[in-house]
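For reference, the structure discussed in these notes is given below.
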Amino acid sequence: MNPRTPDPRAMPMTLASLGWAAGQDGPQRSSVEMVSNNSWNVARVWTSAGSLAAAPTEPQITRILVGVDGTGTLQFGSSTMELGARQMILVAGDEQFSTVNDGIWARCEWKLRSPAIRQDRFTPHYSQIIALQPENYTLITTMTNVLSTSQSIQAGAGAPLLLEALTGVIMASLLDATGQSAGLTPHQAAIIQRASEVIEHRHTDPDFDVTALAEELHLSVRHLRRVYANAEQTPRGAIEARRVMTAQSILSVNPGWYRRSKEEVARAAGFSSIEQMDAAFRRHRIRPGAQTLSTSA
C-alpha cells in the first residue's frame, strides 16, 4: 500500500463517504478507495495532516482501523492513544471519537456488521490498541489492497459471502493477539447474521418465535440454539432484545405514544401482551416511564 500513489482505476470516494467529518484544520489532501455492500465495507485511506471526527453509526457495526504508515492520534473522550503501523483498533459503531495526525497517515479501514466480533469476550478489547502478528497484518493489508480497487466485486453474487472471510481474518487477528481460543466460526457467525436480518424484519409480529426463525433459516431449533450458545446468547433473547429496542424507540421518540395504551405499545413492538413486555423490560433492567401510560385505550 503506497499512500502517495492511489490506484487510478479506483472509483473516487471522499472521507465523508467513509463516515469522517474533517475538522477546521484539514486534512487538506486525502485518498479513499473503497468497496462495500450492506454488511461490510473495505477501504484503504491516506490523509495529510489534520483532524477528523468519526460520525456515529449503528451499534451493530464494528469499525476497524489498521495503521500502515505514519501515526494517528485517536481520542475517546478524555482518553488518547496512538495508532501506528502494524497496529489495529476496533471501535463500536456508535462510539464517538476523533483523530489527528501531524503528517501523512495511511491505514486500512473496515466496517463489519458481524455478531462474531461483538462477542462479550472480544468487547473488552474494543477502543484499545492491538499489536498485530506479522501474518495477520499482511493478510489484512493484502485483502484491503485487492478489494478496495475491485469495484465490480460489490455488485457480484459472492459479495455477501465475503463477510465470513473478513470476519474470520479479524477474529484470527484478535485471537492471536489476545491468546484466546476460537469460539464462533465464520459459518456460525453468518448464521447469526442472517438470523439478525430475519429478526429485524419480523420481530413486530407477535406470532414470530424461535421456531419460526429456525424455519426461515432452514435449520432445526436445536442447531440454532447451539449456534447462539457459542456466541453466549439465545435466539429467544435476540428476538426479545429487538422487541425491547422497538418499544423503547416508540416510548422515547414519539411522545404521542404516551397518550396511548401500554397494550398498543406492546403490540407495535411485537409483544403478545403487556405482561410479556413488562417482563422483558425487567430482564433488561429498563424503566421506560411506563407509569405515564394507561392500561386501556
Side-chain angles (χ1 to χ4, degrees), residues 13-27 30 32-47 50-67 72-83 87-101 105 107-120 122-130 140 144 148 154 163 166-167 170 174 189 192-193 196-197 199-201 203 238 241-255 269 284-286 288:
M13 296 286 178
T14 65
L15 290 169
S17 68
L18 195 55
W20 292 106
Q24 292 183 346
D25 56 347
S30 64
V32 177
E33 298 166 288
M34 176 177 70
V35 292
S36 64
N37 74 355
N38 61 0
S39 59
W40 58 265
N41 176 308
V42 170
R44 64 179 185 180
V45 188
W46 68 264
T47 51
S51 62
L52 296 165
T57 183
E58 301 170 59
Q60 295 86 356
I61 291 175
T62 298
R63 297 182 72 140
I64 299 137
L65 279 66
V66 175
T73 301
L74 282 62
Q75 183 157 8
F76 299 84
S78 59
S79 177
T80 300
M81 57 196 72
E82 292 188 346
L83 182 69
Q87 294 179 328
M88 175 175 73
I89 190 167
L90 280 70
V91 185
D94 57 350
E95 180 85 33
Q96 291 187 315
F97 69 104
S98 59
T99 72
V100 62
N101 52 290
W105 181 34
R107 67 266 187 196
C108 302
E109 294 194 23
W110 293 10
K111 290 182 183 179
L112 304 181
R113 188 188 296 273
S114 173
I117 54 177
R118 295 303 305 271
Q119 297 177 64
D120 290 344
F122 289 144
T123 52
H125 301 286
Y126 274 53
S127 303
Q128 302 291 328
I129 301 299
I130 298 168
I140 290 172
T144 302
S148 64
Q154 62 191 13
L163 179 63
L166 298 170
T167 296
I170 298 303
L174 283 168
I192 292 182
Q193 172 65 29
S196 299
E197 293 168 357
I199 291 170
E200 180 67 27
H201 286 97
H203 73 277
R242 188 62 188 87
R243 285 172 173 158
V244 166
M245 286 177 61
T246 296
Q248 280 187 288
S249 178
I250 291 170
L251 296 174
S252 62
V253 174
N254 192 336
H284 289 261
R285 299 180 181 178
I286 292 170

**Prompt:** If you take all heavy atoms of Thr144 and Val42, which pair is closest and at what distance?
**Reply:** CA-CG1, 3.8 Å
**Item:** Arg107-Thr47 side chain donor-acceptor pair, cut-off 3.5 Å
**Value:** yes
**Prompt:** Mind checking whether Leu90 and Ile170 have side chains closer than 4.5 Å, heavy atoms only?
**Reply:** yes
**Asked** Can you find a pair of side-chain heavy atoms, one from Val32 and one from Glu109, that are under 4.5 Å apart?
**Response** no
**Asked** Hey, what do you get for CG (Leu174) to NE2 (His125), rounding to the nearest 0.5 Å?
**Response** 7.5 Å
**Item:** Validation row: Phe76, Ile89 side chains within 4.5 angstrom (heavy atoms)
**Value:** yes
**Straight-line distance of Thr167 OG1 to Ile192 CD1, nearest 0.5 Å** = 11.0 Å
**Asked** What pair of heavy atoms forms the shortest contact from Ala92 to Arg118, and how long is it?
**Response** CB-NH2, 4.2 Å
**Request:** Please answer whether the main-chain N or O of Ala43 pairs with a side-chain N or O of Lys111 as donor and acceptor at a distance below 3.5 Å.
**Result:** no
**Asked** Roughly how far, to the nearest 0.5 Å, is the CZ atom of Arg113 from the CD atom of Glu197?
**Response** 8.0 Å
**Item:** Worked check of side chain to side chain contact (heavy atoms under 4.5 Å, CB included) between Trp105 and Leu83
**Value:** CA-CA 10 Å; Trp105 181 34; Leu83 182 69; 4.0 Å; yes
**Prompt:** Could you give the distance from CH2 (Trp40) to CD1 (Ile64), rounded to the nearest 0.5 Å?
**Reply:** 13.0 Å
**Message:** For Pro115 versus Ser196, what's the shortest heavy-atom pair and its separation?
**Reply:** CG-OG, 4.4 Å
**Item:** Euclidean distance, Glu82 CD relative to Gln87 CD, rounded to 0.5 Å
**Value:** 9.0 Å
**Prompt:** Say you draw a straight line from CZ of Arg63 to CG of Leu112; how long is it, rounded to the nearest 0.5 Å?
**Reply:** 12.0 Å
**Item:** Non-hydrogen atoms of Val91 and Tyr126 that approach each other most closely
**Value:** C-CD2, 3.9 Å
**Prompt:** Looking at Ser17, Ser148, Ser36, which one forms a side chain to side chain contact (heavy atoms under 4.5 Å, CB included) with Asn41?
**Reply:** Ser36
**Considering all heavy atoms, the nearest Trp20-Thr99 contact** = CH2-CG2, 3.6 Å
**Nearest atoms (heavy-atom pairs only) where Ala269 meets Ile250** = N-CD1, 4.5 Å
**Message:** Check this for me: Gln128, atom CD, are more than 12 non-hydrogen atoms of other residues, nucleotides or ligands nearer than 6.0 Å?
**Reply:** yes
**Request:** Take Leu65 and Val45 through the side chain to side chain contact (heavy atoms under 4.5 Å, CB included) test and state the conclusion after the steps.
**Result:** CA-CA 10 Å; Leu65 279 66; Val45 188; over 6 Å; no
